[in-house]
Amino acid sequence: MISRAILRDILINMNKGKAILILGPRQSGKTTLLKQINDQIQQKSLFLNCDDSNDRNVISTQSLTELRSLVGLHKLVLIDEAQRVQNIGITIKLIVDNFPDVQLIATGSSSFELSNSVNEPLTGRKYEYHLFPISFEEMSVYHSQWEEQKSLSNRLVYGMYPDIIINSGEAQRLLSSLTGSYLYKDIFAFQDLRKPELVEKLLRALALQMGSEVSYTELAQLTSSDQVTVQKYIQLLEQAYIIFKLPNYNNNHRREIKRSRKIYFYDNGIRNALINDFRTIDLRNDIGQLWENYIVSERVKYLSNHFYNRNCYFWRSLSQAEVDYIETYEDKIKGFELKWNPGTKIKSKQFINTYPHASVELVSTHNYHSFLAESI
């Protein structure tokens, strides 16, 4: 069993009178994590899978009397795929407020639906976690950092979804199934999308531009749509944990680009499946893109898993000088050049001249492990 990094913190925060919410994409391991929690907590538990209509109907009630009958003597209530239940936030609030000896844990595969329906009812009543595909650090703990480093070429092509790691011989088929609308199933279920085919067109366009600055105007042209619709769909894809944006860093200096963004995928395998390219890295001309997406997405997982509050950016000047990835926190500005070739020379003079107290480091195949994991 691959232990998830957030498990320890979840166990620490149990039985403190608050609900625990675990959000993340479909197939990221949320159900398995619930079972791990259940195995470690020696308490009578109630498990409800809301993809099942019977379980969904049972928990849909907002009657305190019916909830009291449902909860009974259970001390642990586990609700999987809670976004499938209408007004789930009110139901969770009733359980938290009226059953102080019961710990409730709910998972949701789409933040836009679960968060929107629970945030207001559960203000001050929840701990919220994000569960992404398995991380480099989690795999390093599982079978050693050295073993995980040997799998780098595979990770760059097939990604880190649990099912892909466990069933590596079926990776292409499984990834094709995931990208055949399953990952964004909740977008179609909970949003009134008049052109669902646009989602797939947009994802393919973003996959081909991965790690590059993207223009909503250009994306609208490529997908025969308009900027407003493109922005809306990108937001939904972010909320479904498929892609995420990095804004450009600027402090209103005259020579900096003021508004721009890069878009990355949370998982390399999903990106490669969208463009149907599973060639090995020695046959590819997009190894720089694969490397950059892998490092940025793994770093995002790392920061989230350890609850580090940092702002993430890229930087580019009007003269096209750039730094691939930047983190700011407290009074620090740290830049990182993400290069597949460890012999690459850092060209950060203009950035350092603009921000004299900043630093820039190279992250390559020689040292990436220390950037993506605590000392193991």
Side-chain angles (χ1 to χ4, degrees), residues 25 132-133 156 159 199 201-223 227 230-251 253 255-272 274-275 277 284-304 310-329 333-340 344 346-348 350-351 354-355 358 360-364 368 371-372:
F132 301 108
L156 291 175
V199 172
K201 287 184 181 179
L202 181 59
L203 278 169
R204 283 195 292 271
L206 292 172
L208 291 169
Q209 297 185 32
M210 181 178 73
S212 301
E213 291 177 70
V214 297
S215 160
Y216 291 151
T217 301
E218 181 182 350
L219 288 172
Q221 293 171 347
L222 287 171
T223 57
Q227 289 188 56
V230 164
Q231 289 186 57
K232 174 188 175 182
Y233 279 36
I234 285 177
Q235 182 181 15
L236 292 174
L237 290 167
E238 284 186 276
Q239 292 170 329
Y241 299 99
I242 298 169
I243 60 173
F244 62 95
K245 292 198 297 274
L246 280 191
N248 67 300
Y249 182 76
N250 74 82
N251 210 357
H253 289 282
R255 296 181 180 179
E256 290 181 319
I257 295 174
K258 296 298 185 289
R259 288 187 179 182
S260 187
R261 83 289 299 165
K262 289 185 177 184
I263 292 182
Y264 295 91
F265 284 76
Y266 277 110
D267 187 77
N268 274 36
I270 296 301
R271 181 266 182 176
N272 289 327
L274 287 166
I275 60 173
D277 190 350
R284 305 183 70 120
N285 58 8
D286 60 350
I287 184 60
Q289 288 177 282
L290 293 177
W291 176 250
E292 186 173 328
N293 193 85
Y294 173 77
I295 294 298
V296 174
S297 61
E298 284 297 316
R299 182 65 175 181
V300 167
K301 294 180 197 175
Y302 171 80
L303 295 177
S304 177
R310 300 186 182 181
N311 300 308
C312 305
Y313 308 92
F314 75 98
W315 180 83
R316 181 167 291 163
S317 70
L318 291 173
S319 62
Q320 301 302 300
E322 65 178 307
V323 175
D324 293 328
Y325 176 74
I326 292 171
E327 289 178 4
T328 65
Y329 57 101
I333 304 174
K334 291 192 173 185
F336 302 91
E337 286 286 273
L338 314 177
K339 306 302 179 186
W340 175 249
T344 302
I346 298 177
K347 298 178 181 179
S348 56
Q350 188 173 333
F351 180 70
T354 306
Y355 300 100
V360 180
E361 301 173 26
L362 174 68
V363 178
S364 73
Y368 76 99
F371 187 60
L372 303 181

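We're numbering straight along the sequence, starting at 1. Only heavy atoms go into these numbers, but all of them, side chains included; no hydrogens, no water, no symmetry mates.
In this structure, the side chain to side chain donor-acceptor pair (under 3.5 Å) partners of Gln227, at least two apart in sequence or on a different chain, are Thr217. Evaluation of the side chain to side chain donor-acceptor pair (under 3.5 Å) rule for Ser212 yields no partner, not counting sequence neighbours. The side chain to side chain contact (heavy atoms under 4.5 Å, CB included) search around Gln235 returns Gln239, not counting sequence neighbours. Residues satisfying the side chain to side chain contact (heavy atoms under 4.5 Å, CB included) test with Arg299, not counting sequence neighbours, are Tyr302, Leu303, Arg310, Tyr325, Glu327, Phe371, Leu372. Here Gln289 pairs with Met210, Arg271, Asp286 under the side chain to side chain contact (heavy atoms under 4.5 Å, CB included) rule; sequence neighbours left out. Partners of Glu238 according to the salt bridge (Lys or Arg N to Asp or Glu O under 4.0 Å) rule, which considers only residues two or more places apart in sequence or in another chain, are Lys245. Checked against side chain to side chain contact (heavy atoms under 4.5 Å, CB included), Lys347 has no partners two or more places apart in sequence or in another chain. Under the side chain to side chain donor-acceptor pair (under 3.5 Å) criterion, Tyr216 pairs with no residue, sequence neighbours left out. With sequence neighbours left out, the side chain to side chain donor-acceptor pair (under 3.5 Å) criterion links Lys201 to no other residue.
Closest heavy-atom contact between Phe132 and Pro25: CA-CD, 4.5 Å. Closest approach of Val323 and Gly335 over heavy atoms only: CG1-CA, 3.9 Å. Heavy atoms only, all atoms of each residue included: Ala207 and Leu274 are closest at CB-CB, 4.3 Å. Nearest heavy-atom pair across Val363 and Trp291 is O-NE1, 3.6 Å. The shortest heavy-atom contact between Pro247 and Cys312 is CD-O, 3.5 Å.
Residue Leu202 holds its CG atom at 6.5 Å from CD1 of Ile243, rounded to the nearest 0.5 Å. To the nearest 0.5 Å, atoms CD1 (Ile275) and CG (Leu203) are separated by 12.0 Å. Distance CG/Leu362 to CG/Asp324: 9.5 Å, rounded to 0.5 Å. With rounding to the nearest 0.5 angstrom, the CD atom of Glu361 is 11.5 Å from the CD atom of Glu337. The CG atom of Asn311 sits 4.0 Å away from the OG1 atom of Thr328 when rounded to the nearest 0.5 Å.
Phe314 places a side-chain heavy atom less than 4.5 Å from the side chain of Ser260. Using a 4.5 Å cut-off on side-chain heavy atoms (C-beta onward), Tyr313 and Leu246 make no contact. By the 4.5 Å heavy-atom criterion applied to side chains, Tyr249 and Ile333 are counted as neighbours. Leu219 is listed as a side-chain neighbour of Ile234, based on a closest heavy-atom distance under 4.5 Å. Counting only heavy atoms from C-beta outward, the side chains of Ile295 and Phe336 never approach each other to under 4.5 Å. Counting heavy atoms from C-beta outward, Ser317 and Phe351 have side chains that stay 4.5 Å or more apart.
Side-chain polar atoms of Ser319 and Gln350 form a donor-acceptor pair below 3.5 angstrom.
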Using residues 262-270 as the side-chain source, report each donor-acceptor pair under 3.5 Å to any protein atom, sequence neighbours left out, with the distance given to one decimal.
{"residue": "Lys262", "atom": "NZ", "partner": "Gly211", "partner atom": "O", "Å": "3.4"}
{"residue": "Lys262", "atom": "NZ", "partner": "Glu292", "partner atom": "OE2", "Å": "3.3"}
{"residue": "Tyr264", "atom": "OH", "partner": "Glu292", "partner atom": "OE2", "Å": "2.5"}
{"residue": "Asp267", "atom": "OD1", "partner": "Met160", "partner atom": "N", "Å": "2.7"}
{"residue": "Asp267", "atom": "OD2", "partner": "Gly269", "partner atom": "N", "Å": "3.0"}
{"residue": "Asp267", "atom": "OD2", "partner": "Ile270", "partner atom": "N", "Å": "3.2"}
{"residue": "Asn268", "atom": "OD1", "partner": "Asn293", "partner atom": "ND2", "Å": "2.8"}
{"residue": "Asn268", "atom": "OD1", "partner": "Tyr294", "partner atom": "N", "Å": "3.4"}
{"residue": "Asn268", "atom": "ND2", "partner": "Leu156", "partner atom": "O", "Å": "2.9"}
{"residue": "Asn268", "atom": "ND2", "partner": "Leu290", "partner atom": "O", "Å": "3.1"}

Report the C-alpha separation of Ile326 and Lys334 in whole Å, then their side-chain angles, then the decisive distance to 0.1 Å, and conclude whether the side chain to side chain contact (heavy atoms under 4.5 Å, CB included) test is met.
CA-CA 6 Å; Ile326 292 171; Lys334 291 192 173 185; over 6 Å; no
